[in-house]
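Comments concern the structure below.
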Amino acid sequence: MSPTRPAAPVEVAPGVHFVEGPASNWTILAGDGTLTLVDAGYPADLELVESSLRAVASATDGDARLTSVLVTHGHSDHIGTITALRRRHEFEVFAAPAEVPNVTREQLHQVTVGDVLPHLYKPRFARWVLHAVRAGGLGDVAVTDVVPLDLGASRTFSGHRVVPTAAVGHTPGHTVFALPDDDVLITGDALVTGHPTSRLDGVQMLHPIFHSDLAEAGRTYGRLVDRGARVVLPGHGPVLRR
Ligand SMILES: [Zn+2]
């Protein structure tokens with residue numbers, strides 16, 4: 001969670017670049033002269049997201065343009081830069097139908113101050129809250145004009161076949177993205193490998209307060225643990241290679 005972490009993209013499969021941000025992760029797919037961003041960090045990560053897009057573009061095709069943003073879920077640490085990015089780039093934003101209201105903020109499914117208060121005596125939670133607030137986590141991150149994704153159907157983004165798959169519980173429409181030809185699974189917050197509030201390393205669930213339906217999130221997590229992919233890219237924590 002160090003604010004000085006450079007957030008440099010790491011190419012985990014050809015044309016699949018993973019960025020471990022200061023407090024949440026994003027992925028950039030490159031191909032066909034375009035870039036696709038999967039999740040977009042906190043509002044304060046804007047320049048890090050921009051610099052990672054530039055780094056991937058210059059490593060692949062200097063003229064590659066950002067044309068699509070895919071959203072695993074509508075929490076502010078995953079959609080925080082999208083509206084600001086739209087002032088600089090022209091792209092479409094995609095989310096699962098059940099997640100669209102959370103991304104547009106017609107509904108809000110996110111941890112509340114009341115959920116966090118009982119845990120604030122723990123230094124890890126206190127540090128995380130401080131970072132979340134400083135990073136713009138309480139600001140307005142609503143995204144307009146979100147295109148609903150066809151779950152289970154494969155669609156090509158920046159030259160990569162992507163299959164959006166429902167993985168609900170963390171939020172009502174949380175989605176994971178399988179890239180079958182790359183043997184990559186982008187899990188968002190349905191399965192993570194670390195979090196500032198957790199003392200554990202390795203595959204884990206986020207703390208119970210973060211899930212809108214804990215029982216459902218547990219079932220989804222169990223399915224994902226068993227799901228084979230050579231490379232797993234979580235919403236928080238480092239890349240997992242199997
Ligand atoms: Zn998150």
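In listed order, ligands and their atoms are each counted from 1.
- No other N/O/S atom of D189 lies as close to the Zn ion (ligand 1) as OD2 does.
- Within the structure, salt bridge (charged side-chain N to carboxylate O under 4.0 Å, His left out) contacts touching residues 211-240 (residues at least two apart or in different chains) are E216-R219.
- Within H236, the N/O/S atom positioned nearest the Zn ion (ligand 1) carries the name NE2.
- Exactly one residue among H73, Q107, E99 makes a side-chain hydrogen bond (donor to acceptor under 3.5 Å, both in side chains) with T171. That residue is E99.
- Among the heteroatoms counted here (N, O or S) of H78, NE2 is the one nearest to the Zn ion (ligand 1).
- Within the 2.8 Å limit, H73 places no N, O or S atom next to the Zn ion (ligand 1).
- Taking the Zn ion (ligand 1) as reference, D77 places its N/O/S atom OD2 nearest.
- Every salt bridge (Lys or Arg N to Asp or Glu O under 4.0 Å) that E50 has, sequence neighbours left out, goes to R88.
- Not a single N, O or S atom of H75, from either the backbone or the side chain, sits less than 2.8 Å from the Zn ion (ligand 1).
- For H195 and F210, the gap between ring centers is short of 6.0 Å.
- Between F177 and F157, the ring center distance fails the sub-6.0 Å criterion.
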